[in-house]
Peer 1: 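Here it is, the structure, as structure tokens.
Keep in mind the model is a prediction, meaning the values are calculated, not measured. All chains are named by letter (A, B, ...) in the order of the sequence lines, taking the proteins before the strands, and each is independently numbered beginning at 1. Hydrogens, waters and symmetry mates are skipped; everything else that's a heavy atom, side chains included, is used.
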Amino acid sequence: MTPPSTRPPRAATVLQRHWLLKSEPTVYSIDDLERDGSTGWEGVRNYQARNTMRDEMKEGDLVLFYHTNATPPAVAGLARVTGVVTPDPTQFDPKSELFDPKSRKDDPRWLMCHIAFLEKFATPVPLERLKGDAALAEMPLLQKGQRLSVQPVSAAHFAIVLEHAGRRPS
DNA sequence: GCCAACGTTGGC
DNA sequence: GCCAACGTTGGC
């Protein structure tokens, strides 16, 4: 017989997850986010990334802001998820490169998460440095062929990246 | 610019 | 449902 637990049930509200969002800095950089304070993450056109934003990212989650197609590619700073997903307006704009004629306003195909600026790293963490840390070998970003623009990051990997950035894990 | 890896599309 | 063709990603 299992005695009744004396512990409270694990509360989903205490779970804070960590993510990595990729952006080309020539399109939208950590400096742009610092200037804007917060932003809707427009432009995701991959179903897996969309589903992650829709189903898994929660307010208060922490985000590594990664500069892709940059010199060098690097984790550039930190952001925080601020709320639920909303339709990505660019899918309905015929003048946008991201226009999707198959998406309907009453059933939007593409969604965007919302993030707020937390900090720009004084010391960005280059991809090469991440690759050089054996403790990060399993990080999704470093897997061969990976190219998701929205990725999960484990709490352990997140803390290690912060250390590389010269930050004390909080 | 190259190209490996992956995702999407569409004919059948 | 298969799969070839095509488009995109993104480091180098």
Peer 1: Report yes if a donor N or O on one partner sits less than 3.5 Å from an acceptor N or O on the other, where the partners are the side chain of R45(A) and the base of dT8(C); otherwise report no.
Peer 2: no
Peer 1: Regarding H114(A) and T86(A), is there a side-chain donor-to-acceptor distance under 3.5 Å anywhere?
Peer 2: yes
Peer 1: Nearest to the side chain of R147(A), heavy atoms from C-beta on, is which of dT8(C), dC12(C), dG10(B)?
Peer 2: dT8(C)
Peer 1: Can you measure L148(A) atom CG to dC6(B) atom C1' for me and round it to whole angstrom units?
Peer 2: 10 Å
Peer 1: Could you tell me how far apart Q151(A) (CD) and dC6(B) (P) are, to the nearest whole angstrom?
Peer 2: 13 Å
Peer 1: Which whole-number value in Å describes the distance from Q143(A) CD to dG11(C) P?
Peer 2: 14 Å
Peer 1: Please give me the minimum heavy-atom distance between D32(A) and P25(A), naming the atom from each residue.
Peer 2: OD2-O, 4.3 Å
Peer 1: Check the distance between dA5(B)'s P and Q48(A)'s CD and give it to me in whole angstrom.
Peer 2: 18 Å
Peer 1: Rounded to the nearest angstrom, tell me the gap between atom CZ in R50(A) and atom C1' in dT8(B).
Peer 2: 14 Å
Peer 1: So, OP1 or OP2 of dA5(B): does either fall under 4.0 Å of a side-chain N or O from K144(A)?
Peer 2: yes
Peer 1: Counting heavy atoms not belonging to Q48(A), are there more than 12 under 6.0 Å from its CD?
Peer 2: no
Peer 1: Closest approach to the side chain of K102(A), judged atom by atom: which nucleotide of dG7(B), dG11(C), dG10(B) is it?
Peer 2: dG10(B)
Peer 1: Looking at the rings of F65(A) and W19(A), which for Trp means the six-membered one, are their centres under 6.0 Å apart?
Peer 2: no
Peer 1: With no hydrogens and no angle check, is any side-chain donor or acceptor of R45(A) less than 3.5 Å from a backbone partner on L98(A)?
Peer 2: yes
Peer 1: Are a donor atom and an acceptor atom from the side chains of E42(A) and T90(A) found within less than 3.5 Å of each other?
Peer 2: no
Peer 1: Roughly how many Å is it from CD in E24(A) to C1' in dT8(C), rounded to a whole number?
Peer 2: 11 Å
Peer 1: Heavy atom of residues 65-77 of chain A under 4.0 Å from DNA chain B: which residues?
Peer 2: none
Peer 1: Specify the separation, in whole Å, of atom CH2 of W110(A) and atom P of dG7(B).
Peer 2: 13 Å
Peer 1: Pick the closest DNA chain B nucleotide for Q146(A) and for R109(A) by heavy atoms, then say which residue is nearer the 5' end.
Peer 2: Q146(A)
Peer 1: Can you get from L78(A) to L127(A) by hopping between Ile, Leu, Val, Met, Phe, Trp and Tyr side chains that sit under 4.5 Å apart?
Peer 2: yes
Peer 1: If I take atom OH in residue Y47(A) and atom C1' in nucleotide dT9(C), what distance separates them, rounded to the nearest angstrom?
Peer 2: 17 Å
Peer 1: With a 4.0 Å limit, can you tell me whether K22(A) has a side-chain N or O closer than that to the phosphate oxygens OP1/OP2 of dT9(C)?
Peer 2: no
